[in-house]
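Taking it in order: structure first as structure tokens, then the write-up.
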Number of protein chains: 2
Amino acid sequence: MVVEHEEQPPLERRSRDPERTKEEILVVSTQEFADRGFAGARVDEIANKTRTTKRMIYYYFGSKELLYMAALERAYEDIRVVEANVDVEHLDPIRAIRRLAELTFDRHEANPNFSRLISQENVQRGQFVTKASGFPRLERPIIKILEQVLERGRAEGVFVRDIDALDVHMLISSFCFFRINNRFTFAASFGRNLVEPDRRAMYREMIGDVVVDYLTTPSPEDH
Amino acid sequence: MVVEHEEQPPLERRSRDPERTKEEILVVSTQEFADRGFAGARVDEIANKTRTTKRMIYYYFGSKELLYMAALERAYEDIRVVEANVDVEHLDPIRAIRRLAELTFDRHEANPNFSRLISQENVQRGQFVTKASGFPRLERPIIKILEQVLERGRAEGVFVRDIDALDVHMLISSFCFFRINNRFTFAASFGRNLVEPDRRAMYREMIGDVVVDYLTTPSPEDH
DNA sequence: GTCCTAATGTACGAACTGGAGAATTCGCGG
DNA sequence: CCGCGAATTCTCCAGTTCGTACATTAGGAC
């Protein structure tokens, strides 16, 4: 949690270091875009919070829009790296599902900026991720992993619900996303703090239970 | 939501009608704020899309901020009215839960602007709903209704899971909210269109199944 | 009709904001 | 130690945007 100090006291490293400069701009702008949205973020403000100047932002990234895209892309990349290292093959299907749910849960909690960036993007109708030109693929490794677990579970006969990995992931993500992202309006409406430490363990377990119960219960005959 | 059909005024109606002017500003600004966010919305643009002028916005609402709050408040009020008219007392607990899930599902689909406004609010850390000064209560009738259904279900022995109405509502809302709100980035990442008509019925049923399965399955002994 | 006030219209300004031209400096290869 | 291009700083600008001062008009009360 970076506290906003108006003018960062002289971390007076002035020497040239393009990589560090670029990286610092990216980190700071991610925070700013997550905090204020694309329209709300100010290029001047981003510059002030780095040890470099606004001109450098344009030098390296070209425009506010391209900077935003770079930040978004980086955020996706971070997630992808985490997911690529998940290993649940040694767990039985039910435990594996729980584990995946917990991973998603933890990821949302540990990295709220990603979710907020995603929120921004969606409010703007995905104006940047949708951009055919130049926006890289956003593929996510977790789907393949989920597919394998579901396959095993079905083979073993423990998962009996007819549903695919994408929809399971959607169910898990929606819960984790909502808990973090909508905590402010939820608290305002219902007076419950969804991220209160005392409740954390309960919610973390809850989403696992929800998914497992769903997967292991046959579809109702009538409806 | 409610379209006034009375005497269809041929758009160039210039006569004075404070109520209509106010209402029109509110409707248009809700759309603009949902589309572009608080920072992204332009007061001039809102004015252009009404039959009145920017001056009137300030005359009636005082500032961009107050206008935003009025729009947000109105959106909550609309939801509250819908929820207040829900009647599931004649249904058995399981069917009642399904019905409530469907209502929430339909509400999110029918009124995406509300969700987007909510998203905005949360990205900004609830800066307006949290505002102690002046922001009205956001209470939601659906919670009481849910409580009654859960109570009945437990009395009848069909609901065995230890969970309260707020968390059930959270589970339902998160699913419905995510499906509508995050559809753009979800499509970009996973190539699945969550609001495609062909899938609609499936998701609508799915969230009911999820909740019912969860409520009717006992907590696992070990973990 | 006259009067009075709520409602509306017009035009403007001060501050902000994304962006860029051009000068300057650093540091590395030779 | 020199030369050169990359990195950085300085400075300014043109367009935008919220907000308002001031003028004007409609229409109900009497």
Side-chain angles (χ1 to χ4, degrees), chain A residues 4 6-8 10-33 35-72 120 124 127-128 131, chain B residues 7 9-33 35-72 120 124 127-128 131:
Chain A
E4 299 176 353
E6 194 58 17
E7 39 194 329
Q8 207 59 298
L11 287 162
E12 71 296 310
R13 182 144 163 237
R14 286 272 160 218
S15 67
R16 303 190 165 195
D17 188 342
E19 281 315 306
R20 194 189 53 78
T21 299
K22 243 171 128 166
E23 183 62 24
E24 195 179 349
I25 291 172
L26 215 43
V27 169
V28 170
S29 62
T30 299
Q31 183 68 46
E32 283 293 299
F33 284 130
D35 277 353
R36 305 174 199 267
F38 176 74
R42 300 287 164 241
V43 179
D44 282 300
E45 186 59 20
I46 292 171
N48 285 342
K49 288 184 177 168
T50 64
R51 270 166 292 177
T52 181
T53 63
K54 182 168 65 160
R55 193 67 190 77
M56 288 285 83
I57 294 174
Y58 286 93
Y59 183 66
Y60 284 120
F61 295 94
S63 71
K64 185 183 181 183
E65 210 167 282
L66 289 169
L67 176 61
Y68 178 89
M69 285 199 260
L72 189 60
Q120 301 282 1
Q124 313 289 338
Q127 58 173 155
F128 294 119
K131 212 162 223 171
Chain B
E7 57 146 2
L11 277 131
E12 71 300 304
R13 197 168 140 208
R14 285 274 159 219
S15 68
R16 302 189 168 196
D17 188 343
E19 280 316 306
R20 193 189 54 79
T21 300
K22 244 172 126 165
E23 183 62 23
E24 195 178 349
I25 292 171
L26 215 45
V27 169
V28 170
S29 61
T30 298
Q31 184 67 47
E32 282 295 298
F33 284 129
D35 278 352
R36 305 175 198 269
F38 176 74
R42 299 288 164 243
V43 178
D44 282 299
E45 186 58 22
I46 293 171
N48 285 342
K49 290 185 176 168
T50 63
R51 270 167 292 178
T52 182
T53 64
K54 184 168 63 159
R55 186 66 189 78
M56 288 290 88
I57 294 174
Y58 286 94
Y59 184 68
Y60 284 120
F61 295 94
S63 72
K64 186 182 179 183
E65 209 166 284
L66 289 168
L67 176 61
Y68 178 88
M69 285 198 260
L72 189 60
Q120 302 281 1
Q124 315 287 338
Q127 58 174 157
F128 294 120
K131 213 161 221 171

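Computed from a prediction, not measured in an experiment: that's the story for all the values here. Basis for what follows: all heavy atoms, side chains included, without hydrogens, waters or symmetry-related copies. Numbers restart at 1 for each chain; the letters A, B, ... are given by sequence-line order, proteins then strands.
- What separates CD of E32(B) from P of dC18(D) is a distance of 11 Å, to the nearest Å.
- Here Y60(B) lies in heavy-atom contact (under 4.0 Å) with sugar-phosphate atoms only.
- Side-chain atoms of K22(B) and Y59(B), non-hydrogen and from C-beta on, never get closer than 4.5 Å to each other.
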Sequence-aligned protein contact record of nucleotides 15-23 of chain C, with B where the base is within under 4.0 Å of a protein heavy atom and S where only the sugar-phosphate is: --SBBBBB-
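- The interatomic distance linking Y59(B) (OH) with dA23(D) (C1') rounds to 15 Å, in whole Å.
- Between E19(A) atom CD and dT8(D) atom C1' the separation is 16 Å, expressed in whole Å.
- Residues R51(A) and E24(A) come closest through the heavy atom pair N-OE2, 3.2 Å.
- Taking atom CZ of R51(B) as the reference point, atom P of dA7(C) lies 17 Å away to the nearest angstrom.
- Between the CD atom in E19(A) and the OH atom in Y60(A) there is a gap of 8.0 Å [rounded to 0.5 Å].
- If you take CE of M56(B) and C1' of dG9(C), they are 8 Å apart, rounded to a whole angstrom.
- Using the six-membered ring where Trp is involved, F38(A) and Y68(A) have ring planes that are perpendicular, over 60° apart on the 30 and 60° scheme.
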List the atom pairs, donor and acceptor, that lie under 3.5 Å between side-chain atoms in residues 40-47 of chain B and the rest of the protein, sequence neighbours left out.
from	atom 1	to	atom 2	distance (Å)
R42(B)	NH1	A39(B)	O	2.9
D44(B)	OD1	K54(B)	NZ	3.3

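- Computed from coordinates, the R36(B) CZ to dC18(D) P distance equals 12 Å when rounded to whole Å.
- Counting to the nearest Å, the C1' atom of dA7(C) and the CD1 atom of I57(B) are 15 Å from each other.
- In this structure, T21(B) reaches the dT8(C) phosphate: one of its side-chain N or O atoms is under 4.0 Å from OP1 or OP2.
- Nearest heavy-atom pair across L66(A) and F61(A) is CB-O, 3.1 Å.
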